[in-house]
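Structure below; questions to follow.
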Amino acid sequence: MLTEPFYDPARSYLENFEQGPFSFFAERCVYHDRGEPRYKFLGHEVNLPLGIAAGPLLNGRFVKAALDKGFDLPVYKTVRTRKYASHEWPNVLAVHPKGDLGLDTMPLVGDEDYSEPLSITNSFGVPSFDPEFWQPDIADAVAHAKRGQVVAASFQGTTSGHGDVQAYIEDFALAARLLKETGVKIIEANLSCPNEGTANLLCFDVDRARRVVERIRDEIGSLGLMVKAAYFRDEERLRTFVREVGPVVDGIVAINTLPAKILDANGGQALPGEGRLSSGVCGRSIRWAGLEMSGRLARLREEMGLNFSIIGVGGLSDANDYHAYRKAGADAAMMATAAMWNPRLAQEIKAQETKEAMG
Ligand SMILES: Cc1cc2nc3c(=O)[nH]c(=O)nc-3n(C[C@H](O)[C@H](O)[C@H](O)COP(=O)(O)O)c2cc1C
């Protein structure tokens, strides 16, 4: 069931950052799990391997609220090594594809009608504050986790714009080192981001993705390392990605969003500014793609005898979806869109788990 979201799309990113979270996440109540943690995730005890994916948890207050409401694997929104401005408002709009979103879909209309089945587009440009802000903020959020909970933090390198690939890789490594200093237990390198000097995503440039993760690994030693990957159309490229990157990382998180052109009711560009005609769609209509990727990653992991964990993301909206991800081969599952509009979802899924366990 949809309720008031904890991130308010009617306000700017900065207003949400400064005033949020809202609705249920602003209430004081704290959820307590009964019994011992039953699962392990990347070596950490967790009550339920269910989390909030990188994005909606803008800062430590959001992460702490997610922990308090029973999300045991919250991810702190992607940070950079330096301050970086957000795209202008609006940053979130509802979209209404008919059924599943195709890979080469017709343009969609973006509006404010947030209704089920819920899909949205999000367009922030990966804003960040300086490490002087986010290092103590992450440390504080990490300390808030109770037994059976573990906080992760997402990061990415910033392109110089001059095609300096080595500087780009070093910026990933610096971000990883700065994150390690916070005491965060797991870091997530966003490889589903634009690749320096190209129009494509970093994860599709497998050779460079491998160089990035190897450099990060050198920097962080045995700290838990996940990578965020996009939906791969091409099975051979995915196989190469898993072969090259899989042995270096502890987890592969997939997917991010699927792209579509987003128009307003008059057929104009809905999100103002250059490069925002095409925007990432998430929520219910991309669930098929997240589930498919979990299954493909599980088969490739088995085929290659690798050990990384799979974190399924995309369209997870209820307990059945959580189980579908686990069945597809995911060791953990995360959601962004559905958690925003149903901040009680972790508690609802846990209540169902308990009911089933009791027969
Ligand atoms: C508001 C919002 C902000 C997001 N920001 C990021 C981000 O900073 N880094 C990232 O890797 N993914 C980001 N994402 C993508 C999510 O992590 C996730 O991969 C995607 O939304 C699919 O999951 P969903 O269908 O449950 O929303 C964002 C998603 C949303 C809804």
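Whatever order the structure lists ligands and atoms in, that order sets their numbers, starting from 1. Model, not experiment: these values are computed from the prediction. Residue numbers start at 1 and run along the sequence shown.
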Next item on the list: List, by chain and number, the other hydrophobic cluster members for Leu93, where Ile, Leu, Val, Met, Phe, Trp and Tyr join if side-chain heavy atoms come within less than 4.5 Å, directly or indirectly.
Entry: Leu271
Next item on the list: Decide if atom OH of Tyr84 counts as having more than 12 heavy atoms of other residues, nucleotides or ligands within a radius under 6.0 Å.
Entry: no
Next item on the list: List, ordered by chain and residue number, the protein residues whose closest non-hydrogen atom lies under 4.0 Å from any atom of ligand 1.
Entry: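 These residues qualify: Ala53, Ala54, Gly55, Lys77, Thr78, Ile120, Asn122, Phe124, Asn190, Lys228, Ile255, Asn256, Cys282, Gly283, Ile286, Val313, Gly314, Gly315, Met335, Ala336, Thr337, Met340.
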Check: Which hydrophobic side chains are connected to Leu277, either touching it within the sub-4.5 Å cutoff or through other members that do?
Finding: Leu263
Notebook entry, point to check: Once the angle between the rings of Phe17 and Phe133 is folded into 0 to 90°, is it parallel (under 30°), tilted (30 to 60°) or perpendicular (over 60°)?
Noted result: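 Tilted.
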Note to self: Show me the pairs that pass side-chain hydrogen bond (donor to acceptor under 3.5 Å, both in side chains) and involve residues 251-275, at least two apart or across chains.
What the structure shows: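 Passing the test, one end in residues 251-275: Ser192-Asn256.
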Note to self: Tell me whether the rings of Phe124 and Tyr7 are parallel (<30°), tilted (30 to 60°) or perpendicular (>60°).
What the structure shows: perpendicular
